[in-house]
Amino acid sequence: MINFIICEDEPELLKEYQKQIDKFMMKYDIDYKCYIFNCYSKDWKKAAKNIKGFKIFLLDIKTDDGSGIDAARLIREEYDDWVSMIIMISGFPEYKYEALGKRLMLVDFINKLDHPTKKLQDSLLICMKNYDNKYKSLKYTYKNVAYNIEFRNIIKIEKEMDSKRCIIYADDTLYHIQGSLNDILKRLDKRFFKCNRGVAINIEQIQSYNFTKNVVVLKNGEEFKDISRSKRRELYNRVRGVV
């Protein structure tokens with residue numbers, strides 16, 4: 001789910017932003033929802049803080065009751081949210097350098113008077129690339145049940161003994177999926193590392209790897225020791241972020 005949280009005090013622009021978002025999202029098979037505000041009210045602050053999932057903020061830099069710069073600072077510093085995407089939109093171009101200079105990790109500063117429609121589409125594309133990197137999911141059907149498991153939640157994948165299926169360990173849940181480990185890995189991305197013939201681990205789920213003892217400690221506390229000799233150096237470098 002992608003959540004668009006829009007604050008804009010001009011009704012016609014609000015409608016236009018929604019129209020552009022609908023147009024953009026037609027290209028993706030992803031659920032999304034728009035939350036509309038005309039000021040930085042308590043309801044906006046509640047939505048900014050409590051809505052779960054991937055968030056894209058479109059912030060008017062100046063409304064009657066607040067500042068988009070202050071709103072962005074609230075998101076980043078008070079709510080400690082450095083993952084959500086923030087696009088600043090303004091009819092006051094003189095605020096651009098102030099907004100970008102605050103180190104608030106803005107995706108873009110869009111001038112309402114300078115081809116805002118095209119620039120909004122470009123900015124949304126940047127946001128979507130970040131979404132793809134963080135929120136990709138494995139979609140499949142097993143025994144007439146459809147599954148949609150986000151890559152980031154998968155801890156490891158293990159080939160089931162004497163079977164043509166694998167077990168996916170995701171959070172505290174086990175899932176079965178038909179196919180070989182190699183076939184499944186082709187549907188995943190580079191964060192998944194094949195430790196041996198029967199197990200692949202999500203690098204992002206590794207807390208530490210002791211190269212000397214050949215012991216992986218996962219973020220859930222589990223220890224894993226079956227790293228093939230030929231894979232140890234590569235895993236060590238991957239965990240260190242060298243490759």
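All values derive from a computational prediction rather than experimental measurement.
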Without swapping roles, check the side chain of [X] against the backbone of [Y] for a donor-acceptor pair under 3.5 Å.
{"X": "Trp82", "Y": "Arg76", "value": "yes"}
{"X": "Asp81", "Y": "Val83", "value": "yes"}
{"X": "Gln207", "Y": "Gly221", "value": "no"}
{"X": "Asn153", "Y": "Ile149", "value": "no"}
{"X": "Asn214", "Y": "Asp226", "value": "no"}
{"X": "Ser228", "Y": "Lys231", "value": "no"}
{"X": "Asp171", "Y": "Thr173", "value": "no"}
{"X": "Asp60", "Y": "Cys7", "value": "no"}
{"X": "Glu10", "Y": "Glu12", "value": "no"}
{"X": "Thr63", "Y": "Gly66", "value": "yes"}

> By ring pair (Phe, Tyr, Trp, His ring centres under 6.0 Å), which residues pair with Phe192, not counting sequence neighbours?
Replying inline: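 Scan of Phe192 (ring pair (Phe, Tyr, Trp, His ring centres under 6.0 Å), adjacent residues dropped) gives Phe151.
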> Below 4.0 angstrom, N of the basic side chain to O of the carboxylate: do Asp70 and Arg73 qualify?
Replying inline: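 Arg73 and Asp70: salt-bridged.
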Heavy-atom side-chain contact between [X] and [Y] under 4.5 Å:
{"X": "Ile69", "Y": "Ile61", "value": "yes"}
{"X": "Cys39", "Y": "Trp44", "value": "no"}
{"X": "Tyr147", "Y": "Ile168", "value": "no"}
{"X": "Leu14", "Y": "Phe37", "value": "no"}
{"X": "Glu223", "Y": "Val216", "value": "no"}
{"X": "Ile86", "Y": "Ile56", "value": "no"}
{"X": "Met1", "Y": "Lys33", "value": "yes"}
{"X": "Val199", "Y": "Ile157", "value": "no"}

Are [X] and [Y] grouped together when hydrophobic residues (ILVMFWY) are joined by side-chain heavy atoms under 4.5 angstrom apart?
{"X": "Tyr209", "Y": "Val215", "result": "no"}
{"X": "Phe24", "Y": "Leu13", "result": "yes"}
{"X": "Leu185", "Y": "Ile167", "result": "no"}
{"X": "Tyr175", "Y": "Tyr142", "result": "yes"}
{"X": "Val239", "Y": "Ile201", "result": "yes"}

Any chance you could measure [X], atom [atom1], to [Y], atom [atom2], to the nearest 0.5 Å?
{"X": "Asp108", "Y": "Leu120", "atom1": "CG", "atom2": "CG", "answer": "9.0 Å"}
{"X": "Tyr17", "Y": "Cys34", "atom1": "OH", "atom2": "SG", "answer": "13.0 Å"}
{"X": "Asn202", "Y": "Asp189", "atom1": "CG", "atom2": "CG", "answer": "8.0 Å"}
{"X": "Asn196", "Y": "Phe193", "atom1": "CG", "atom2": "CZ", "answer": "10.0 Å"}
{"X": "Leu58", "Y": "Gln20", "atom1": "CG", "atom2": "CD", "answer": "11.0 Å"}
{"X": "Ile21", "Y": "Met25", "atom1": "CD1", "atom2": "CE", "answer": "9.0 Å"}

Is it true that, when you exclude [X] itself, more than 12 heavy atoms of the residues, nucleotides or ligands shown sit nearer than 6.0 Å to its [atom1]?
{"X": "Lys45", "atom1": "NZ", "answer": "no"}
{"X": "Asp65", "atom1": "CG", "answer": "yes"}
{"X": "Lys190", "atom1": "NZ", "answer": "no"}

Nearest heavy-atom pair of [X] and [Y]: which atoms, and what distance?
{"X": "Lys219", "Y": "Glu204", "answer": "NZ-O, 2.8 Å"}
{"X": "Leu181", "Y": "Lys194", "answer": "CD2-CE, 4.0 Å"}
{"X": "Ile87", "Y": "Val107", "answer": "CG1-CB, 4.1 Å"}
{"X": "Ile5", "Y": "Ala48", "answer": "CD1-CA, 4.3 Å"}
{"X": "Met85", "Y": "Cys127", "answer": "CB-SG, 3.5 Å"}
{"X": "Phe57", "Y": "Ser84", "answer": "CE1-CB, 3.8 Å"}

>> Go through it in stages, so that I can follow the logic: the residues are Lys119 and Gln121, the test is side-chain contact (heavy atoms from CB on, under 4.5 Å), and I'd like the CA-CA distance, side-chain angles, deciding distance and then a yes or no.
In response: CA-CA 5 Å; Lys119 292 186 176 180; Gln121 292 287 320; over 6 Å; no
> On the ring face of Phe211, is Arg232 found with NZ or CZ under 6.0 Å from the centre and within 45° of the axis?
Replying inline: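 The answer is no; the distance or angle limit is not met.
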> Cation-pi between Lys55 and Phe4: NZ/CZ under 6.0 Å from ring centre and within 45° of the ring axis?
Replying inline: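 Pair Lys55/Phe4 does not count as cation-pi.
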>> Using the rule given for side-chain contact (heavy atoms from CB on, under 4.5 Å), can you reason through Ile177 versus Ile184, listing the C-alpha separation, both sets of side-chain angles and the distance that settles it, and then say yes or no?
In response: CA-CA 9 Å; Ile177 182 172; Ile184 296 166; 3.4 Å; yes
> Can you check side-chain contact (heavy atoms from CB on, under 4.5 Å) on Tyr169 and Ile154, steps first, answer last?
Replying inline: CA-CA 6 Å; Tyr169 296 77; Ile154 298 175; over 6 Å; no
> So Glu78 and Lys49, salt bridge (Lys or Arg N to Asp or Glu O under 4.0 Å) or not? Walk me through it.
Replying inline: CA-CA 9 Å; Glu78 185 169 330; Lys49 182 177 183 180; over 6 Å; no
>> Under the side-chain contact (heavy atoms from CB on, under 4.5 Å) test against Tyr236, which residue among Arg240, Arg238, Glu234 passes?
In response: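 The side-chain contact (heavy atoms from CB on, under 4.5 Å) with Tyr236 is passed solely by Arg240 among Arg240, Arg238, Glu234.
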> Could you walk me through whether Tyr140 and Arg187 pass the side chain to side chain donor-acceptor pair (under 3.5 Å) check?
Replying inline: CA-CA 10 Å; Tyr140 69 96; Arg187 301 173 60 183; over 6 Å; no
> Can you list the steps and then say if Ile2 with Asp31 is a side-chain contact (heavy atoms from CB on, under 4.5 Å)?
Replying inline: CA-CA 6 Å; Ile2 297 179; Asp31 292 333; over 6 Å; no
> Is there a ring-ring contact (aromatic ring centres under 6.0 Å, His included) between Tyr28 and Tyr32 once you walk through the steps?
Replying inline: CA-CA 10 Å; Tyr28 299 91; Tyr32 71 97; 10.0 Å; no
